[in-house]
There are 2 protein chains.
Amino acid sequence: MKVSKAKSAENRAALLAAASDLLKEQGFDGAGVAEISRRAGLTQGAFYSQFPSKAALAAEACRASVAGSQAFWRGVQDGAPADVSGYLDAYLSADHLENVITGCPMAAYGSEVGRQDGALKAAFTEGFEDLVQVMQEALSLKMPADLARQRALLLVSGMAGGLAMARAVATSNPRLASEILQSTREGLMQLASAEGTTTGGD
Amino acid sequence: MKVSKAKSAENRAALLAAASDLLKEQGFDGAGVAEISRRAGLTQGAFYSQFPSKAALAAEACRASVAGSQAFWRGVQDGAPADVSGYLDAYLSADHLENVITGCPMAAYGSEVGRQDGALKAAFTEGFEDLVQVMQEALSLKMPADLARQRALLLVSGMAGGLAMARAVATSNPRLASEILQSTREGLMQLASAEGTTTGGD
DNA sequence: TGTACATCAGTGAACGCGCGTTCACTGATGTAC
DNA sequence: TGTACATCAGTGAACGCGCGTTCACTGATGTAC
C-alpha cells in the first residue's frame, strides 16, 4: 500500500538509522539488506524504493554516522569549554569501548573504508576532515594554527587507533585494553597541551 | 592423488600465505575459501584437508601475519640501531600506505578483529603484545621502563590508527592522507624522544 | 467540498549467484613383509 | 632390496544457505475536476 509522504520520510530515516547502527556493529560485509530492513520495521522491497542499492545506503549512513560523531564532539566542547581533555576522556573510555553501535564510526570500521566504493570513501573523508577541523579549533586556543592542525590530525587518528586496538584485544586481554586506553589518553593529552617546539619543519 | 609429506607441508604454507595476503586485501568477510585456495594453486577440497574451517585458517593466518610484522620491526631495529624513528618512518610511509598486502595487519583489518571468533582475537592480541614489547625495548634506552611501556602502547596504536585513517581518505583526498602520515610521524616521534615529565599519575 | 482515479511506497515471493562446507573418488606415497 | 597394499592429500562436483536485487501486485494517498 502507498503511504503518506511524512511516513515515507520516517521510513527512510529508520532505514538510515538501522544501517548506521548495523554497519558499526557488523561491518560493511556483515550488515545485510534483510536485517537492516527488518530492524527498520520494513521489508527488503521497501528498502529498494528508498535506496538504489546497499552501497548507496552505506554511503549515506556513513555520512550520517560521522556527522553524528561531530555533533557529539561539539557537544563535549560546549559542555566542558573547548578543552581537549574532554574529548579524550569521553572517547577513550570503557563506556565507548563497550558501545560500538552508539560510538565513533572511525574506530568501528575505519580499516574497512578503503575497500568500499568511491561514494562511501568520499563521505568518510569529508566527515574525517570535519572532525579534524573541530579538534583543530579547540587546539588553536593554546598553540599556533599550523601546529594545531598537525596535532589535530594526530589526535583524531590516534584516538581512532587507540580505541580500535583496545576493542580488538578486549576479549582476550581486558587489562591490556584499558591499559591502551589510558596510555593513549595520557600521551595524546601531553601533545594537546605541550608548547612543543621540537616539531622540526619541512 | 596422495602427495608427499613435504609437498603437503608446502601446500599448507601456500594456503597460509595466500590467506595472510587476501585477509589484508579484502578483509575477513571479503576473503573467500575459493580464492584463497585458487591463489595457493589448490582446490577447495584440499583446503579442508589442511584446515577444519575458514575461521581456523584465519586465526593461523593472523598469527603468521603479526609474527611477520614483528620480524619486520626487529629488522628495522637491527638495521638502524634501536632507534624508534626508523620504525616510524618505515611504517608511516607512502610505500606502506600503498602496499596493504605486504603491510601491517593491524592497519589492514584492525577494526574487524573484534567481530571475529575467539581464536582469531587471541592470535591478534598475542601479536599485538609482542609488537608493544619490541617497541618498549627500543624506548627503554632513553626513558624509565614504565614510561616506555606507556609510550609503546600509544605508539603502536597511533601508528596503526594513522595508517588506517590515511588509507581510508587516500582515494578522495591524497594530500590529506600524506598530511596524516606526516603529522602522525612527527607527533609520535616527539613522544618517543621527549623526557616527558608531564605524565601525571593514575 | 465531494468524488474518481492515477500514483507510487511498501509487500512478499522469487531470482541468480557465490558463499562455506561435504563427499565419493583418485592415485601417489610410504609402510609391512 | 623388491613387491603388495593401506593410507590419505588432493580433486572436482554437489550441497544448502543467505546474499543483493527484481518484480507483479496492493491499496492508501493526494490530485484533478
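Since the structure is predicted, the reported quantities are computational estimates derived from the model, not experimental observations. Order of the sequence lines fixes the chain letters, A, B, ..., with proteins taken first and strands second; residue numbering starts at 1 for each chain.
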Would you kindly compare K54(B) and K2(B) by the position of their nearest DNA chain C nucleotide and give the one closer to the 5′ end?
K54(B)

Can you run through DNA chain D from 5' to 3' and write each base as (, ), [, ], | or . depending on how it pairs? Watson-Crick or G-U wobble, both distances under 3.5 Å.
.||||||||||||||||||||||||||||||||

Please report the C-alpha distance between E179(A) and R175(A) in whole Å, then the side-chain angles of each, then the deciding distance to 0.1 Å, and finally whether the salt bridge (charged side-chain N to carboxylate O under 4.0 Å, His left out) criterion is met.
CA-CA 6 Å; E179(A) 217 189 332; R175(A) 174 169 250 119; over 6 Å; no

Side-chain donor or acceptor of [X] paired with backbone N/O of [Y] under 3.5 Å:
{"X": "K54(A)", "Y": "F28(A)", "answer": "yes"}
{"X": "S193(A)", "Y": "Q190(A)", "answer": "yes"}
{"X": "Q50(B)", "Y": "S8(B)", "answer": "yes"}

Which whole-number value in Å describes the distance from [X] [atom1] to [N] [atom2]?
{"X": "E10(B)", "N": "dA9(D)", "atom1": "CD", "atom2": "C1'", "result": "13 Å"}
{"X": "R12(B)", "N": "dC8(D)", "atom1": "CZ", "atom2": "P", "result": "16 Å"}
{"X": "K5(B)", "N": "dT7(D)", "atom1": "NZ", "atom2": "P", "result": "14 Å"}
{"X": "L15(B)", "N": "dG10(D)", "atom1": "CG", "atom2": "C1'", "result": "11 Å"}
{"X": "K7(B)", "N": "dG30(C)", "atom1": "NZ", "atom2": "C1'", "result": "18 Å"}

Side chains of [X] and [Y] in contact at under 4.5 Å (non-hydrogen atoms):
{"X": "Q150(A)", "Y": "M143(A)", "value": "no"}
{"X": "V84(B)", "Y": "L139(B)", "value": "yes"}
{"X": "F124(A)", "Y": "Q116(A)", "value": "no"}

Please evaluate residues K7(B) and E10(B) with respect to the criterion salt bridge (charged side-chain N to carboxylate O under 4.0 Å, His left out), reporting the C-alpha separation (whole Å), side-chain torsions for both, the decisive distance (0.1 Å), and the verdict.
CA-CA 5 Å; K7(B) 182 63 189 165; E10(B) 230 175 75; 3.2 Å; yes

Heavy atoms within less than 4.0 Å of DNA chain C: which residues of residues 27-52 of chain A have one? Give them sorted by number.
L42(A), T43(A), G45(A), A46(A), S49(A), Q50(A)

